[in-house]
Number of protein chains: 2
Amino acid sequence: MSNGLPDPAAAQREDVSYGPLPGYLGHLLRRAQARVFADFADALGEAVSPAEFGLLTLVAANPGITQVRLAAALSLDKSTLSPALARLTRRGLLKRERLASDGRLQALRLAPGAEATYATLRARVEAHEARIAAALSPAEHAELLRLLRLLLGWDLPGPSAPAR
Amino acid sequence: MSNGLPDPAAAQREDVSYGPLPGYLGHLLRRAQARVFADFADALGEAVSPAEFGLLTLVAANPGITQVRLAAALSLDKSTLSPALARLTRRGLLKRERLASDGRLQALRLAPGAEATYATLRARVEAHEARIAAALSPAEHAELLRLLRLLLGWDLPGPSAPAR
DNA sequence: TATTGTTATACTCTATAACTATA
DNA sequence: TATAGTTATAGAGTATAACAATA
């Protein structure tokens, strides 16, 4: 469900007062995220979930990264990543390799041959991103990205704007 | 878990490249929402969840609203609201009244005597909102709210800025 | 003892489908 | 037939705790 940007439920909603909700960041972020994820699902379908795409992207940008570092980078628990990474490995997108130097660690990489698949996914994600940003001017889009990074405490020295 | 704004996992994360993720609205919205919700939980504890507070706020702003209209206003399925509203009713925060004029409908209201409780919750939520917005200047905060509403297709005629 | 990764388990949020009662 | 609301159920995403293997 949920397609483009004009909200389908808008008609039903017209006569409802939102009270102070449109002034709360928490509320707007929840609504915006739901909207964007629904559009992501429309665009990518069964291919990957938003979380899976994030994992692939981080592994692609950090070949050899371990699960604990990946979890820290995403502010998730390591136990959350295990099943997702197993699924991506099973689908032939990721490769996990135990390190000879420390048998506890596993180095994560895109599977050989999965680079092209990943590039295609990334192009589809970027088309989706462009679509949801169409409601904003390029300057507004850039400013929204900047403010969200600021809210997250990135943009300081951190892994934000240039960051590769 | 998760407290104020300086990210605790920042140290672990420092040497990780985020690749294109900081340029994706979807990724930033997910991260920002997780951060804000964690702070909400720290601030409100057992009192109410973000979703529950949203329900109370909408009912307070639209006394007598029915569940189907409430669900439409939040872009949620009516079946999602049933258990949440039952819980809020059980806790003495909401009152549900079948309409004499149409026996299928239930009018929702804050329970008599729950207005003060709601006012307290709202004050705590607004303190939480002020805290998370502290990373932004007042102008940036206002602009972030505006851009999120724009992304959502609000701010057109709709129930956004003044809206009560 | 400490760390990495996995597993078992549970909780929350959401949806779909089937139901009831009312219209 | 259509609508409002409930219930059963399932799936995704997250966490905590306990574990095995390794250090």
Side-chain angles (χ1 to χ4, degrees), chain A residues 1-2 8-9 12 26-27 29-31 33-38 40-42 44-46 48-55 64-90 94 96-108, chain B residues 1-2 8-9 12 26-27 29-31 33-35 37-38 40-42 44 46 48-55 64-90 94 96-108:
Chain A
M1 179 192 321
S2 141
Q12 264 279 27
H27 184 73
L29 288 170
R30 174 155 73 98
R31 301 292 293 263
Q33 208 225 358
R35 176 77 62 92
V36 169
F37 271 37
F40 186 105
D42 282 353
L44 276 290
E46 301 289 284
V48 281
S49 70
E52 288 169 345
F53 180 74
L55 290 174
I65 193 174
T66 62
Q67 294 186 203
V68 163
R69 281 183 57 217
L70 195 54
L74 292 168
S75 303
L76 296 174
D77 191 85
K78 59 189 160 76
S79 72
T80 301
L81 262 42
S82 266
L85 294 172
R87 205 178 330 125
L88 291 170
T89 303
R90 227 180 302 120
L94 286 186
R96 290 192 281 190
E97 241 176 357
R98 292 220 102 94
L99 291 190
S101 55
D102 185 336
R104 295 170 301 184
L105 305 182
Q106 287 180 114
L108 293 162
Chain B
M1 178 194 321
S2 140
Q12 263 280 29
H27 185 73
L29 289 170
R30 174 157 72 101
R31 300 293 293 263
Q33 208 226 0
R35 177 76 64 90
F37 270 37
F40 187 106
D42 282 354
L44 276 290
E46 302 290 284
V48 282
S49 70
E52 287 170 346
F53 180 74
L55 290 175
I65 193 173
T66 62
Q67 295 186 201
V68 162
R69 282 183 56 217
L70 195 53
L74 292 168
S75 304
L76 296 174
D77 191 85
K78 59 190 160 75
S79 73
T80 301
L81 260 43
S82 264
L85 294 171
R87 206 179 329 128
L88 291 170
T89 303
R90 229 179 303 120
L94 286 186
R96 290 192 279 190
E97 242 176 356
R98 292 222 102 94
L99 291 190
S101 54
D102 184 336
R104 295 170 301 182
L105 304 181
Q106 288 179 118
L108 293 163

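In what follows, chains carry the letters A, B, and so on, assigned in the order in which the sequence lines appear, proteins first and then strands, with residues in each chain numbered from 1. Everything quoted here is computed from the prediction, not taken from an experiment.
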S.K.: For nucleotides 1-3 of chain C, print each protein N/O atom paired with a nucleotide N/O atom at under 3.5 Å, atom names and distance only.
M.R.:
from	atom 1	to	atom 2	distance (Å)
C:dT3	O4'	A:R104	NH1	3.3
C:dT3	O2	A:R104	NH1	3.4

S.K.: Please identify each residue that fulfils salt bridge (Lys or Arg N to Asp or Glu O under 4.0 Å) with B:D77, with sequence neighbours left out.
M.R.: none

S.K.: Among all residues two or more places apart in sequence or in another chain, which pass the ring-ring contact (aromatic ring centres under 6.0 Å, His included) test with A:F40?
M.R.: A:H128

S.K.: To the nearest Å, how far apart are B:R31 CZ and D:dT14 P?
M.R.: 10 Å

S.K.: Of all the nucleotides listed (D:dG5, D:dT22, C:dT6), which has the minimum atom distance to the side chain of A:Q67?
M.R.: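 Out of D:dG5, D:dT22, C:dT6, the nucleotide with an atom closest to A:Q67's side chain is C:dT6.
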
S.K.: Does A:R98 make a side-chain N or O approach to OP1 or OP2 of D:dA23 shorter than 4.0 Å?
M.R.: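 Indeed not, no polar side-chain atom of A:R98 lies that close.
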
S.K.: How many whole angstroms separate atom NE2 of A:H27 from atom C1' of C:dC13?
M.R.: 16 Å

S.K.: Under the side chain to side chain contact (heavy atoms under 4.5 Å, CB included) rule, collect the residues that match up with A:R87, sequence neighbours excluded.
M.R.: A:E52, A:A84, A:R90, A:R91

S.K.: Would you tabulate the pairs of protein nitrogen or oxygen atoms and nucleotide nitrogen or oxygen atoms of nucleotides 7-10 of chain D closer than 3.5 angstrom?
M.R.:
none

S.K.: Tell me, what's DNA chain D's dot-bracket, Watson-Crick or G-U with both distances under 3.5 Å, | for other-strand, [ ] crossing?
M.R.: |||||||||||||||||||||||

S.K.: Output the rounded distance in Å from CG (B:L88) to P (C:dT12).
M.R.: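 Spelled out: CG on B:L88 to P on C:dT12 is 13 Å.
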
S.K.: Whole angstroms only, please: what is the CZ-P distance between B:R30 and C:dT14?
M.R.: 16 Å

